[in-house]
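One structure is given here, and the rest of the page talks about it.
Just so you know, residue 1 is the first one in the sequence shown, and it goes up from there. Reckoned from all heavy atoms, side chains included, excluding hydrogens, waters and symmetry mates.
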Amino acid sequence: MKEIVTGYTTKEKLEILADAAKYDVACTSSGSDRRGKKGFLGNTVGCGICHSFASDGRCISLLKILMTNHCIYDCKYCINRVSNDVPRATFTPEEICELTVEFYKRNYIEGLFLSSGVIRNPTYTMEKMCETLYLLRNKYCFNGYIHVKTIPGASDEMLAMAGYLADRISVNIELPTEESLSKLAPNKNFRTILEPMGKVRDTIARHRVAIGKDARMERSGGNRYLEKSIFAGNRFVTKQENDLAVDGGTGKGLVPVERGNRSFAPAGQSTQMIIGASEESDYTLIQTTQRLYQSYDLKRVFFSAYVPINEDAALPRLGTAPPLLREHRLYQADWLLRFYGFQADELLSEERPNFNEQLDPKCEWALRHLSLFPLEVQRASYDMLLRTPGIGPRSAGRIMHARRYGSLDFDALKKMGVVLKRAHYFIICNGRRLYNTPIEEQYITRQLIDTNGRENWQVANQNIRYQQMSLADFGIG
């Protein structure tokens with residue numbers, strides 16, 4: 001392992017640490033709404049933040065960097081593992097703040113995604129990250145979106161402070177089973193990952209209840225004193241005060257909800273699973289995903305197709321193509337779990353543990369349940385419309401509304417947003433079908449694969465360039 005070099009310029013550090021953060025999945029809509037305030041810089045909107053583009057044309061909404069790529073852990077899949085010989089660098093809190101503010105002022109970004117390798121120990125690492133966020137919010141008056149990846153094993157005090165200063169907080173579960181985690185990440189375990197998830201969930205729930213909302217989210221330079229206190233709103237409270245205020249001193253939560261005016265992680269919490277580094281089936285992955293949503297009220301579970309970067313007998317060989325199409329299907333299945341009322345056991349089973357990568361999961365489910373089709377759109381329930389390929393929540397709602405006032409035809413369905421190239425195999429309007437096609441699984445499967453062939457090829461063969469933005473991308477030298 002190379003030692004940390006302290007002589008790097010800020011630009012050189014950015015090149016190293018932005019590149020080191022490229023495997024973290026984070027670019028999503030912020031999920032947090034906050035208007036600008038007098039005397040503060042920036043705001044955040046729930047619909048997404050997309051203002052800059054990298055040199056390869058990808059939209060960059062967040063300045064995505066690591067605080068340091070030095071790490072004491074030896075996770076087999078990670079480029080920054082301690083046994084790798086890679087250049088190492090570390091940002092100071094002030095450097096991260098200055099970069100964020102300067103990039104924001106130039107309209108390159110709308111927010112910050114901050115993660116880090118583990119330096120010294122988890123609590124020390126989180127302390128430096130929290131110092132960065134505290135300076136950014138208070139000294140630099142930055143009011144924009146912040147997503148922070150927390151370090152499993154860090155103290156509750158640091159986790160609490162991160163939750164109050166960031167919009168979204170996440171703890172990466174990395175792999176779907178304890179067995180795979182112990183095999184590929186021997187320094188990590190599920191207890192140190194799931195315990196902070198539970199504490200974040202409970203604290204978010206109490207804050208939501210305190211402001212009159214439902215407890216569960218809707219589906220749409222080292223300041224050493226920080227280790228002894230918890231940041232609540234705009235002041236610090238002692239750990240003893242916090243223990244007395246939360247759960248009768250049981251310590252299950254993180255912070256009292258009645259102090260201060262800043263919500264705790266208003267954009268919720270998320271996690272990430274690596275796809276393809278271990279041998280779990282899609283069935284195991286979506287079962288784990290469903291349990292995480294049900295048990296920890298996560299905003300999102302992200303999937304990251306594993307890119308072979310380390311030579312190790314426990315990993316796919318170097319040069320193996322990343323499972324991009326598989327990742328795409330898992331994201332589609334995740335959407336079905338969150339917004340379409342599907343359960344993991346409906347989509348896959350032990351007998352059929354993996355998705356057909358040539359079909360989207362909704363089409364695959366419909367083909368296995370052809371006895372329910374063709375569906376008469378004039379009489380079908382909303383739930384069954386949602387389960388029909390080519391019909392989404394918006395078009396299903398439009399159908400439910402429009403059919404109260406008259407008969408529908410296929411032209412009307414198309415105007416409502418129904419994707420007829422998939423839906424026409426599964427629906428009828430007033431007893432009539434769009435085309436006289438057989439309701440037969442193999443025939444429809446061949447037709448759908450042919451229809452989606454171009455899209456599938458583009459997903460599986462997209463030109464991936466893991467190039468993060470640097471100062472050079474914007475002509476700043």
Side-chain angles (χ1 to χ4, degrees), residues 173-184 190 271 273-295 298 301-306 314-316 320-375 380-381 383-391 422-423 425-427 437-453 455-456 459-460:
I173 194 171
E174 306 290 13
L175 295 159
T177 65
E178 183 81 59
E179 180 183 0
S180 291
L181 193 67
S182 62
K183 179 181 178 181
L184 299 182
F190 270 16
T271 193
M273 281 193 287
I274 301 168
I275 307 304
S278 53
E279 298 180 353
E280 285 84 10
S281 65
D282 294 341
Y283 182 52
T284 299
L285 287 163
I286 63 170
Q287 278 193 316
T288 301
T289 298
Q290 180 172 278
R291 285 195 294 270
L292 288 170
Y293 281 129
Q294 292 173 343
S295 301
L298 298 185
V301 174
F302 292 101
F303 304 103
S304 177
Y306 175 68
L315 296 169
T320 302
L324 298 174
L325 195 52
R326 183 186 181 195
E327 176 193 274
H328 184 59
R329 298 305 177 211
L330 287 166
Y331 271 118
Q332 290 177 320
D334 171 79
W335 203 261
L336 296 180
L337 295 178
R338 291 190 295 136
F339 299 112
Y340 286 75
F342 282 87
Q343 298 295 309
D345 290 337
E346 293 181 276
L347 297 173
L348 292 173
S349 64
E350 292 182 359
E351 292 73 30
R352 299 182 71 163
N354 294 301
F355 290 116
N356 180 346
E357 291 187 359
Q358 301 304 310
L359 290 173
D360 75 70
K362 194 177 179 184
C363 287
E364 190 174 357
W365 176 87
L367 287 167
R368 295 203 310 268
H369 296 82
L370 282 177
S371 60
L372 301 175
F373 301 101
L375 196 71
S381 67
D383 290 340
M384 278 305 300
L385 287 172
L386 272 184
R387 288 173 175 249
T388 304
I391 300 179
R422 289 195 293 271
Y425 298 103
F426 305 97
I427 61 174
T437 54
I439 305 297
E440 194 270 321
E441 181 176 353
Q442 291 185 354
Y443 172 80
I444 299 176
T445 299
R446 288 194 302 270
Q447 297 301 311
L448 289 172
I449 289 175
D450 184 63
T451 299
N452 297 328
E455 176 189 341
N456 292 342
V459 172

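From I439, atom CD1 reaches atom OG of S371 across 11.5 Å, with rounding to the nearest 0.5 Å. Note: N456 CG to L324 CG = 12.0 Å, rounded to the nearest 0.5 Å. Once rounded to the nearest 0.5 Å, the distance linking CD of Q332 with CG of L359 reads 10.0 Å. For the atom pair T388 OG1 and L372 CG, the distance stands at 9.0 Å (nearest 0.5 Å). Of the inter-residue distances, the one linking Y293 atom OH with R338 atom CZ reads 4.0 Å to the nearest 0.5 angstrom. Between atom CG of residue L285 and atom CD1 of residue I275 there is a gap of 4.5 Å, rounded to the nearest 0.5 Å.
Looking at heavy atoms from C-beta onward, Y306 lies out of side-chain contact with T320 at the 4.5 angstrom threshold. Residues Q290 and Q343 meet the side-chain proximity criterion, which asks for heavy atoms closer than 4.5 Å. With a 4.5 Å cut-off on side-chain heavy atoms, E346 and R387 count as touching. Within the 4.5 Å cutoff, the side chain of L315 has heavy atoms near those of the L184 side chain. In this structure, the side chains of L386 and F339 stay at 4.5 Å or more apart for every pair of heavy atoms. At least one side-chain heavy atom of R422 sits less than 4.5 Å from a side-chain heavy atom of N452. When side chains are defined from C-beta on, L367 does not count as touching N356, because their heavy atoms never get closer than 4.5 Å. Under the 4.5 Å side-chain criterion, counting only non-hydrogen atoms from C-beta, R368 is in contact with R352.
Remark: the backbone N or O of T437 is not paired with any side-chain donor or acceptor of Y443 at under 3.5 angstrom. Checking side-chain atoms of E327 against main-chain N and O of A305 turns up a donor-acceptor pair under 3.5 Å.
Heavy atoms only, all atoms of each residue included: S278 and L175 are closest at OG-CD2, 3.6 Å. T271 and I173 make their closest contact through OG1-N, 2.8 Å (heavy atoms, listed as atom of the first residue, atom of the second, distance). Here the shortest heavy-atom pairing between T288 and P176 reads OG1-O, 3.4 Å. Nearest heavy-atom pair across A333 and P361 is N-CG, 4.0 Å. Summarising the geometry of E280 relative to T177, their closest heavy-atom pair is OE2-OG1, 2.8 Å, with the distance given to 0.1 Å. Scanning both residues, P353 and L348, for their nearest heavy atoms gives O-CD1, 3.5 Å.
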Check your understanding: Given F426 and I391, is the side-chain contact (heavy atoms from CB on, under 4.5 Å) satisfied, shown in steps?
Key -> CA-CA 10 Å; F426 305 97; I391 300 179; over 6 Å; no
Practice item. In sequence, state the C-alpha distance, the side-chain angles, and the governing distance for F302 and D334, and then conclude on side-chain contact (heavy atoms from CB on, under 4.5 Å). Key: CA-CA 9 Å; F302 292 101; D334 171 79; over 6 Å; no
**Study point:** Full working for side-chain contact (heavy atoms from CB on, under 4.5 Å) between D360 and R329
**Key:** CA-CA 6 Å; D360 75 70; R329 298 305 177 211; 3.7 Å; yes
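Summarising the local packing, CD of E179 is surrounded by 12 or fewer heavy atoms from other residues, nucleotides or ligands at distances under 6.0 Å.
Contacts classified as salt bridge (Lys or Arg N to Asp or Glu O under 4.0 Å) and involving residues 281-294 (residues at least two apart or in different chains) are given here: D282-R326.
In this pair, W365 and H369 present their aromatic rings parallel. The plane angle is below 30°, not in the 30 to 60° band.
Take Y283 and apply the side-chain hydrogen bond (donor to acceptor under 3.5 Å, both in side chains) test, not counting sequence neighbours, and it matches Q287, D345.
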